[in-house]
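Taking it in order: structure first as structure tokens, then the write-up.
A note on names: the letters A, B, ... follow the listed sequences, proteins ahead of strands, and every chain is numbered from 1. Computed over heavy atoms, backbone and side chain alike; hydrogens, waters and symmetry mates excluded.
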Amino acid sequence: MSAQLSIHVAGDERSVQQGTTGTDLFGEDRRVVAMRVDGQLRDLFREVPDGAAVEPVDIGSPDGLNVLRHSTAHVLAQAVQQVNPAAKLGIGPPITDGFYYDFDVETPFTPEDLKALEKAMQRIVNEGQTFSRRVVSDDEARAELAHEPFKLELIGLKGGAAEAADGAEAEIGAGELTIYDNVRRDGSVAWGDLCRGPHLPSTKLIGNAYKIMRSAAAYWRGSEKNPQLQRIYGTAWPSKEELRAYTDRLAEAEKRDHRKLGAELDLFSFPEELGSGLPVFHPKGGVIKREMEDYVRRRHIEEGFEYVGTPHISKEALFHTSGHLPYYAESMFPSFDLDGVDYRLKAMNCPMHNLVFKSRGRSYRELPLRLFEFGHVYRNEKSGVVHGLTRVRGFAQDDSHSYVTREQAPAEIKHLLNFCLGLFRDFGLDDFYLELSTRETEGEKKDKFIGSDEQWDEATAILEQVATESGLELVADPGGAAYYGPKISVQARDAIGRTWQMSTIQYDFNQPERFGLEYQAADGTRQQPVMIHSAKFGSIERFLGVLVEHYAGAFPVWLSPVQVLGVPVAAEYDDYLRGVLDRMKEKGIRTELDVSDDRFPKKIRNASKSKVPFTLIAGDEDRAAGAVSFRYRDGSQKNGVPVDEAIELVQQAITDRAQV
RNA sequence: GCCGCUUUAGCUCAGUCGGUAGAGCAAUUCACUCGUAAUGAAUAGGUCAUCGGUUCGACUCCGAUAAGCGGCUCCA
């Protein structure tokens, strides 16, 4: 048996003996943890077939990291069952920057449990266990995993792994079932798990560059109808240094947390007296909010919108007309009675704008008719989801509705998308992508949506076309549509990598019908308009929160609550500096003067901590020269700037929306 | 909503075994008038989240509620 095989290794043709494995090809290089054979990820110890194209998988590559993290998840699961043999296994896939594993246990894990598990994992890692792959039939797997009810359920779902649960495809592939045994150096089997693989050649490679991060409950297969399992999150990296870099990154992200910075910079707070998810903006946060509002109001008018105003509450019947009740009832606050009539707080502005449209006859000549306002809406968010400014119960949408003919719809959607993208650029946000949210026609969610198949198909096709033409990254979000129509949303990433839905553009054929909206066409017939909902910030509150994190509180000059902070070298120069700041105020620049009795270095420290873009210093030298000195956030200096020039410099930075 | 954790001065946090609370920063006052990240001293500040229970006695133990944190589910 010494037949020769001809294979391609990393692009080069090679002749090797039959039976050659990945380990034979790449075993020398410890960074190679798996291989791709004709595109398929494989364990290194597997034999390479004739004619195959083989690529090494580096531990630092996306595939390699997934293998590392998935194997680490196995080590965690082994540790859990070692400590608590009664723990039942859920799924344990790699995720961004780490992995998790779900367990069904009697009592949730405590922080002490997690510490103990981390130690148990280290012992397993040090044993240098190998992962041994074994193909099993469905029946064999069922027999072997009789005591693992969740794994049995997965076996039953084989082939439909994608629907089984996010991450379930790591356990079962579409093809044959496999079990991976963890084998000690003496050949004894320590543990085994139903798994598609591939895995590291040895647990040794995990080294000590892993960490258990936290535990939390998670619903089995992602549905709140199912029992909750206890999920342990962990992370794993090719080296200790990379693990350190990751934890440093998390610490850095924590410093940018808008909830923390919001309190430190005196921007906003959540008074307990008001209730969960109801923010108040302090004067400094109010400045940013107003700058955002001024900007977006002006931009809407430039883009052909007309500013309207509507109330916060209405008779409940309006929301029956719109379809919010019952389709959106869960998110609306309960009704309250006024003289025998039920009223509701509004959760969306569209029904009110429809009434503006309907207030008189409309002509095709008026279309597109674009109505816009800052609509304050109230949503009964479940207690567990309220989160800083990014998920609140009362917020302002910069909400608009464009009423158009069917023919005008694509151009209007393009118009709105460009509007949104321009806004993102002006606010300096660049880490974002588009999401196309569509309805679900199967499964339990399908009854959440109203309208005909033809309507949905047309609306979805138009949105998809515009989104694709934008050339931006586009992610599908099946089932994420509003009940009345599909939507494009712009998703922004915050400092800790979470993504937030900001702008949305929604195509709605349902509400015009439900409200009986119509316009008179050129031929004299009455036609139904299409309405296109859009919110550019989405929520003023959320957008502001994301801005705080994006800038870590160091806003560009035009958004800074205080643009220039005057720091006199001694009290003697207060008046001189006040004079300079007064001249700036006349030009609309936001200034403050530090007249506290702190000493100069302390004032500099305070100025620095407050993250103002321009600290303006004046002492004897400056006063004598009719000048001031600039100190920037990075500590750099620009001394002896003539006052006129200084004012010009600040004004320019504001106009340019510059970061300094 | 579900699971787990947390709640002490404006902020960050100590508080031993159940015997009625302490620091730093911030604030206020005084002195210092100072050129680039903390001058010194003094003063004031608390229904220990709220309500109930156990106890001679509760910040401490138990329960409920509220708010927050980490997830899940859900969303702008």
Side-chain angles (χ1 to χ4, degrees), chain A residues 100 102 107-111 113-114 166 213-233 257 259-260 263-264 266 269-278 328 330-331 347-348 375 377 379-392 395-399 437 445 477 479-480 482 487 489-492 500-504 506 533 535-543 545-546 567-574 596-610 615 617-622 629-632 635-637 639:
Chain A
Y100 66 79
D102 289 342
T107 50
F109 298 100
T110 64
D113 291 338
L114 298 184
D166 273 348
M213 303 303 286
R214 63 174 64 92
S215 68
Y219 296 107
W220 168 239
R221 293 177 57 202
S223 169
E224 58 187 332
K225 295 196 176 72
N226 290 336
Q228 285 197 94
L229 306 181
Q230 293 300 316
R231 175 171 296 180
I232 297 180
Y233 284 93
D257 191 313
R259 294 164 300 184
K260 191 179 158 73
E264 274 172 20
D266 196 15
S269 61
F270 296 87
E272 202 176 318
E273 293 87 338
L274 285 182
S276 180
L278 299 168
Y328 201 73
E330 238 182 39
S331 297
M348 289 191 194
V377 296
R379 297 185 183 175
N380 189 7
E381 299 292 350
K382 293 192 235 167
S383 60
V385 308
V386 170
H387 182 101
L389 282 180
T390 49
R391 194 76 182 272
V392 293
F395 60 101
Q397 289 182 309
D398 54 333
D399 204 2
S437 301
K445 281 193 198 161
D477 173 34
K487 71 181 173 200
S489 56
V490 185
Q491 308 275 328
W500 294 101
Q501 192 173 121
M502 315 273 272
S503 318
T504 67
Q506 308 175 344
H533 308 238
K536 288 83 206 167
F537 287 131
S539 141
I540 311 269
E541 286 77 0
R542 175 180 288 180
F543 204 98
V546 172
V567 176
V569 169
E572 191 194 335
Y573 313 102
D574 283 2
S596 69
D597 59 359
D598 287 327
R599 304 172 88 120
F600 185 68
K602 181 62 181 294
K603 290 189 180 192
I604 292 295
R605 179 181 154 86
N606 286 342
S608 184
K609 280 174 52 171
S610 77
T615 303
I617 295 165
D620 208 33
E621 293 163 35
D622 297 290
S629 295
F630 280 90
R631 185 181 201 276
Y632 294 91
S636 66
Q637 291 280 126
N639 293 334

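- Taking every side-chain heavy atom of A:D597 into account, B:C30 is the closest of B:C69, B:C30, B:C3.
- Heavy atoms of A:R631 sit under 4.0 angstrom from at least one base atom.
- A:D620 comes within contact range of at least one nucleobase, with a heavy-atom separation under 4.0 Å.
- Within the nucleic acid shown, A:M502 comes within 4.0 Å of sugar-phosphate atoms alone, with no base atom in reach, counting heavy atoms only.
- In the interface, the side chain of A:R391 is paired with the base of B:C74 through a donor and an acceptor atom under 3.5 Å apart.
- Salt bridge present: A:R231 and A:D102 bring a charged side-chain N and a carboxylate O closer than 4.0 Å.
- Going from the P atom of B:U50 to that of B:U60 covers 10 Å, rounded to whole Å.
- You'll find the side chain of A:Y100 stays beyond 4.5 Å of the side chain of A:I232, heavy atoms only.
- Using a 4.0 Å heavy-atom distance criterion, A:A217 is classed as a base contact.
- No N or O donor and acceptor, one from the side chain of A:E572 and one from the base of B:U33, sit under 3.5 Å apart.
- At the heavy-atom level, A:F109 lies nowhere under 4.0 Å from the strands shown.
- Of the candidate nucleotides B:A38, B:C72, B:G4, B:C72 has the atom lying nearest to any side-chain atom of A:A218.
- Contacts of A:S383 with the nucleic acid, taken as non-hydrogen atoms under 4.0 Å apart, include base atoms.
- Separation of the P atoms belonging to B:G22 and B:U47 is 15 Å when rounded to the nearest angstrom.
- Residue A:S629 is in base contact, counting any heavy-atom pair closer than 4.0 Å across all strands shown.
- For the OP1/OP2 pair of B:A76 and a distance below 4.0 Å, the side-chain nitrogens and oxygens of A:K487 include at least one atom meeting the criterion.
- Not a single donor-acceptor contact under 3.5 angstrom links the side-chain atoms of A:Q491 to the base of B:A76.
- With B:A37, B:G71, B:C32 as the candidates, the nucleotide lying closest to the side chain of A:K609 is B:A37.
- At a threshold of 4.0 angstrom between heavy atoms, the contacts of A:D598 with the nucleic acid are absent.
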